[in-house]
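One structure below.
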Amino acid sequence: MEKDSTKKDKPYQTVRGMHDILPKDEDYWRSIWEIGNEISEIHDFNFIETPILEAVGLFEEGIGEATDIVEKEMFSFKTKGREIVVLRPEGTAPIMRSYIQHHLGHFSSPLKVFYWGPMFRYERPQSGRYRQFHQWGFEVIGEADPFYDVQIMLVTLNFLKALGIKGLKIKINTVGCRVCRPTYRKRLVQYYRTQKRNICKDCIRRYEKNPLRLLDCTVRECKEIREGAPIILDYLCQACNSHFKEVLGLIEDNEIEYEPDPHLVRGLDYYSKTVFEVVLPKNADRALAGGGRYDYLGEVLGGRTIPAVGVSLGLERIIEYIKEKEIDPKRKKKPSVFFVVVGEEAKKKGLCLINKLRLSNIKVLESVGKQSLKNQLKIANKTKSKLSLILGQRECFEETVMIRNMKTGVQETVPTENIVEETKKRLR
Ligand SMILES: [Zn+2]
Ligand SMILES: [Zn+2]
C-alpha cells in the first residue's frame, strides 16, 4: 500500500540540542540587538560578520587541539566536495582569520569590531545548554596596550548595565606568556604528579595534554587539590607582571569591581596575559561573559605577531538571568494604530491605505480575516493601540476613514487623502 506522504506519524521537531527563539521572547532579543548596536557605536566598534562554516583546521590550530572544544565539542562534517568543515564553536578565531585574509590591519590600528550570531558545540544537551547558542563579541586587534584590555571589560560591563543587570564583578587573572608560562607549567606538573591518584579522569587527561586546564576542573576533589597548587603570579616574567599590574591599575581607576582569581584559565589555548570573566552578584560560577588577550593567535594562523584582546557574551545566559530577575527588557516601542476593515471592498482599499501609513513611518497593526467590527476592536484593545482607523462600506463610498481614540472612545471622520497627517496629529 502506498503511504500518504502528506501525513506524518509525528510532526517534525527541532534537532536535539537546538532551540527556536519564539515571538514571546522578542523583547529580550531585540533589546539585546538594539542596545548592543548602540553600545558598539558609542564605543566605536564596527560590525563584522564571518561565515558560520569554517575549515576545521582553523579551530584545531587556533583554539588548540587539547581543549575540550576541539577534542569533543566540534560540530564538524564532510561536505559533498570532501572538505571537512565545522560549524564555528566561537567567534574569535574566524575574526583573526578574516583580519589576516583581508589585511584589515592596514585600514585601522587597532581594529575594533563587534559581532553577534550563533555558535555551535556538540555538548551533551542539559538544562540551559544548547548545541546552538548565541554570542555577542568585541575584539580589538593590533594593540598590546593594557588600555584596550580594560576597554574591552568596560564595553562589556556597559552593555550589561544598559540591559539592566546590576552588581557585576570581574574575575581576573593572567596566564602569562611564552617566556614565563613554561616554567609555571613545569611547577604545576610537578605538584600534580604527587596528586595523580586523587584527581578525576578528565584531569588525568589534562595532566598529560594541557596541565593549565587542571585549574579549571569543577569536580569537588580536584578543587580541593587545586588549593595547594602553585599560582602563576609567582612565576610571571617582568613584562607579564607589569602588564598585569597596569591592567589592575586601570581597573581600579575605573572603579570596576573585581576579584583576582589565580585559578582562572579559560577553555581556549589562545589566551596569553589577561584573562577575565564577568560574573553575577552572589554567583561567581555563572559567567555572563568571558575574554582575554590572545597575542599569539595571529602568529598561529598567519605567521606574524598580532596582539589582540576580546570578549564574548553568552546571550542565552544573559536572557535567562534577565528573566529570572524579572528585569524589564526596556524596549522603546513605537505607538501603534490598529486598522479595522469591514467588508471585501474595505479590505482591498485598506491594504493600500495601510501601506501608505507604513511608508510614512507609522506602525500599523491589523487582523484581517472574517472578523466582525466588534472582534477587531477587541483585538485592537488588547494590542494597546492608541488609535483605531476604521474602514467600512460607508467610509469606502465616501472616501473617508473613521479614527477612534481607543482611550476616550471619541470617533471622528476624516477624508482618506489626509489620512497620514490626521493620524500623525493624533499620535503625538
Ligand atoms: Zn611572561
Ligand atoms: Zn578534575
Side-chain angles (χ1 to χ4, degrees), residues 64 66-73 123-124 126 129 143-150 171-251 260-277 284-285 287 291-300 304-310:
T67 55
D68 284 355
I69 295 176
V70 171
E71 270 188 344
K72 35 184 197 193
E73 295 167 4
E123 293 184 276
R124 193 177 310 141
Q126 35 181 300
R129 289 234 171 181
E143 254 307 332
D145 200 298
F147 179 95
Y148 285 108
D149 300 48
V150 179
K171 278 211 286 189
I172 185 166
N173 193 24
T174 172
V175 289
C177 69
R178 274 182 191 154
V179 177
C180 53
R181 204 184 315 173
T183 322
Y184 172 63
R185 190 179 317 192
K186 230 183 268 167
R187 278 296 145 78
L188 201 62
V189 170
Q190 267 169 16
Y191 170 77
Y192 274 97
R193 191 174 295 145
T194 61
Q195 301 288 346
K196 242 174 131 179
R197 255 176 301 149
N198 310 319
I199 55 178
C200 75
K201 235 171 49 194
D202 278 338
C203 277
I204 290 174
R205 203 167 36 87
R206 291 181 186 127
Y207 173 85
E208 305 289 345
K209 284 182 155 175
N210 199 353
L212 242 58
R213 294 294 314 284
L214 284 162
L215 301 172
D216 212 16
C217 189
T218 51
V219 175
R220 198 171 50 91
E221 286 79 7
C222 298
K223 272 174 142 176
E224 279 167 17
I225 290 163
R226 186 176 72 183
E227 292 310 311
I231 59 170
I232 195 163
L233 295 178
D234 296 330
Y235 298 88
L236 291 181
C237 68
Q238 216 187 340
C240 286
N241 195 29
S242 63
H243 190 275
F244 192 49
K245 276 200 180 130
E246 266 186 71
V247 169
L248 293 182
L250 289 170
I251 286 179
D261 178 354
H263 299 132
L264 187 68
V265 287
R266 307 211 23 90
L268 306 124
D269 272 0
Y270 54 57
Y271 286 116
S272 57
K273 295 198 173 86
T274 314
V275 289
F276 71 94
E277 283 180 351
D285 286 338
R293 184 157 275 291
Y294 49 96
D295 292 346
Y296 300 130
L297 183 60
E299 201 176 300
V300 170
R304 67 193 168 90
T305 310
I306 307 166
V309 59

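Atoms within each ligand, like the ligands themselves, are counted from 1 in listed order.
- Here Cys200 contributes SG and Cys217 contributes SG, and at the Zn ion (ligand 2) these two atoms make an angle of 110°, given to 10°.
- Centred on the Zn ion (ligand 1), the SG atom of Cys237 and the SG atom of Cys177 lie at an angle of 110°, reported to 10°.
- Arg226 has no carboxylate O lying under 4.0 Å from a charged side-chain N of Glu221, or vice versa, which leaves the two without a salt bridge.
- For the pair SG of Cys240 and SG of Cys180, the angle whose vertex sits at the Zn ion (ligand 1) is 110° to 10 degrees.
- Around the NZ atom of Lys186, the shell of radius 6.0 Å holds no more than 12 heavy atoms that belong to other residues, nucleotides or ligands.
- Rounding to 10°, one obtains 110° for the angle at the Zn ion (ligand 2) between SG (Cys203) and SG (Cys222).
- How far CG of Leu215 is from OH of Tyr192: 5.5 Å, rounded to the nearest 0.5 Å.
- By the 6.0 Å and 45° rule, Arg187 does not stack over the aromatic ring of Tyr235.
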